Amino acid sequence: MNEEMELSDFVRDIIKKDLAEGKNDGRVHTRFPPEPNGYLHIGHVKAFGLNFSLAEEFNGKCNLRFDDTNPAKEEDEYVEAIKRDIKWLGYDWEDRLYFASDYFAQLYEFALVLINAGKAYVDDLTADEIREYRGTLTEPGKESPYRNRTIVENLDLFQRMRDGEFENGSKVLRAKIDMSSPNINLRDPVMYRILHEHHHRTGDKWCIYPMYDWAHGQSDSIEGITHSTCSIEFKNHRPLYDWFLDELDIFHPQQIEFARFNMTYTVMSKRALVKLVEGGYVDGWDDPRMTSLAGLRRLGITPQAIRKFIEHIGVGLSLSTIQRSKFDHFIRDDLNKRVPRINCVLNPLKVVLSNYPEDQVEMMEFPNHPDDESKGVREVPFSGELFIDRDDFREEPPKKFWRLAPGREVRLRYGYLITCNEVVKDDDGEITEIRCTIDPDTRGGSAPDGRTVKGTLHWVSAPHALDVEIRLYDRLFNHPFPLDVKEGESFLDHLNPESLQVLARAKAEPSLKDAKPGDRFQFERVGYFCVDPDSRDDKLVFNRTISLRDSWAKIEKQQG
RNA sequence: UGGGGCGUCGUCAAGCGGUAAGACACAGGACUUUGGUUCCUGCAUUCGGAGGUUCGAAUCCUCCCGCCCCAGCCA
């Protein structure tokens, strides 16, 4: 497999062409412009991954710029969370951290230029009136009665808007373009609104705030951005983006739109994510079931897996819904290569080895990774009382069940071959333990006579086992398209009631004793797990990142 | 029904007039001290539909159909 494969898509084609033509003196400068009003989720990685990767690939730069033009929704908490998440993915804006609010003064000067050119005016219409005057999708709008105020009057009014003389909503500054344009964005768009609101960075210095359309292109221009990518819903805004830059006659970056993506069994809209958090359906923004980067991190997914996944879904203009299985593939693929193996029994079943010398303990050698010797080996204690998983024993084994059953011989991985001879039950008929005998000639797990067994089980020595808590996370929704709802339903109706199952009494091998939050392991034959920050010294908590592929489960399901 | 965008395997996605890459998923098989990994094999005579241009069309033209976005003083 070619790991260094060169990425190719229409955005990169545009840049290659620009470079070939010597545009922008050969510079490539991108930016990622999030609004600090929430946490980043996996969908955002497509956007910032693209921008930072473009800079890396074409020897350019990528800025991080917070688009903080609406003080009502923005907070420093989000600024910090967003920076943390981008860094976690391995991207670096170096010293180029900017805020649209850094440009408020400059933007104000630009507005004066447009007013002086007769291209912007102060409008006294109310929000409702502006909506009425705008027309509809099929009917043209009509001009505001304030549209032809003199330049002097506009200058005076705009100054007084800035000085705080007027109430919220009483006036706006609008661009004078074309009220009958088929593109509604060009029907005299609002450039500034009055908002007597405290801004997370500029405090109370301003009471007029620029709208996205007025701030964005000019901010790009100020930073010398050459290629300004954004999602496809801004396609209709590009004529406006271009209009402002052309009227101002300043450096003109190129806006390039691309499509977002959706993923099955999950929601990615900020609105939906907020609802999940605020409604208490999940435990905060970093709940491991969330597609927020904070959640994926806590689940144990690696940044490398996320990057690979994003690279593989491509960049285009069509809205796609990626199957969750594709993401799962990249999660497993990365973890498999990266993570050490360990033994952990999720649902313990006691196994007593009747012919194993009492009180004897042997240290068995386990490789930490079956395909990577450099990861070394470790010693694991073996004794006469063990735990195996309840799933690995059946009193009446179905067809194709290779694991332990009365009279059956199986291998304890890197231990011994054992045969089950007795099943012990309590008064309710519940199996409490099974009694087996070992073949003492099979230490390490292979028989000198060459006989083979089909089943190999993982195990933990009972007296040495660590008690750990396991949180089995599953998909948050049980519907592939949670947002597809019938009348009167909500996406919340598609919540999977079994998305979290806690196993409080799992048994892990002692090697895990010094594991720290964030450490990842493969529990052999089970799945990939990550130590949760909720862990305490006396009790480790593990989150299941993802299970191993399980072909036995498939067979069993087919058998009914 | 105004404007803009998109329609290629179940899902993503290459392709840009020369005769349908790749990935995931799925189905077989090999190997295996993880029913994991790995490795083979199979998986669109056909590109939303219908016409047309051409020696030749997923690629060009015409018409039609479907899906998405836009009427915030949100971004």
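Throughout, protein chains are lettered first and strands after them, A, B, ... in sequence-line order, and every chain is numbered starting at 1. It should be emphasised that the depicted structure is a prediction, and the values quoted were computed from it without experimental measurement.
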Go ahead and name the base partner of [N]; Watson-Crick or wobble counts if both distances stay under 3.5 Å, otherwise write none.
N	result
B/A30	B/U38
B/A44	none
B/C6	B/G66
B/C60	B/G52
B/A23	B/U11

Presence of [X] side-chain N/O under 4.0 Å of [N] phosphate oxygens OP1/OP2:
X	N	value
A/Arg134	B/C73	yes
A/Arg260	B/C68	no
A/Thr456	B/U32	no
A/Arg238	B/G4	no
A/Lys554	B/C26	yes

Between [N] atom [atom2] and [X] atom [atom1], what is the distance in whole Å?
X	N	atom1	atom2	answer
A/Asp389	B/U34	CG	C1'	13 Å
A/Lys308	B/G22	NZ	P	19 Å
A/Asn336	B/U37	CG	C1'	5 Å
A/Leu186	B/G4	CG	P	12 Å
A/Tyr192	B/C73	OH	C1'	14 Å
A/Leu107	B/A75	CG	P	12 Å
A/Leu319	B/G5	CG	P	16 Å

Mind checking if [X] touches a base, just sugar-phosphate, or nothing, with heavy atoms under 4.0 Å?
X	answer
A/Leu335	nothing
A/Arg131	sugar-phosphate
A/Arg411	base
A/Glu524	base
A/Ile194	nothing

What nucleotide, of [options], holds the atom closest to the side chain of [X]?
X	options	value
A/Ser320	B/C73, B/G36, B/C12	B/C12
A/Asn236	B/G10, B/G3, B/G36	B/G3
A/Pro182	B/C69, B/G2, B/U34	B/G2
A/Ile130	B/C12, B/A13, B/C73	B/C73
A/His237	B/A75, B/G72, B/A25	B/A75
A/Met211	B/C73, B/A71, B/A25	B/C73

Ion pair A/Lys17/A/Asp13, N-O distance below 4.0 Å
no
Lys/Arg cation over aromatic [Y]: [X], 6.0 Å, 45° cone:
X	Y	answer
A/Arg162	A/Tyr108	yes
A/Lys308	A/Phe330	no
A/Arg149	A/Tyr121	no
A/Arg475	A/Tyr265	yes

[N] base / [X] side chain donor-acceptor hit below 3.5 Å:
X	N	result
A/Gln323	B/G10	yes
A/Asn185	B/G4	no
A/Lys326	B/A25	no

Between [M] and [N], how far apart are the [atom1] atoms? Round to whole Å, please.
N	M	atom1	value
B/A20	B/C47	C1'	8 Å
B/C26	B/G10	P	15 Å
B/C61	B/C6	P	14 Å
B/G48	B/C55	P	25 Å
B/C16	B/G7	P	15 Å
B/C9	B/C64	P	24 Å
B/A58	B/A13	C1'	14 Å
B/A25	B/C68	P	29 Å

I want to confirm an ordering. Mapping A/Asn70 and A/His329 to their closest nucleotides on RNA chain B, which one lands closer to the 5' end?
A/His329
Taking the nucleotide of RNA chain B with the closest heavy atom to each, which residue, A/Ser325 or A/Phe234, is nearer the 5' end?
A/Ser325
Glycosidic class, syn or anti, of B/G49 using a 90° window around 0
anti
A/Lys46 versus A/Ala259, closest heavy-atom pair with distance
NZ-O, 2.8 Å
What is the ring orientation for A/Phe66 with A/Phe99, classed by angle as parallel under 30°, tilted 30 to 60°, or perpendicular over 60°?
parallel
Are A/Phe387 and A/Trp459 an aromatic pair, judged by ring center distance below 6.0 Å?
no
Do the ring centers of A/Phe104 and A/His199 come within less than 6.0 Å of each other?
yes
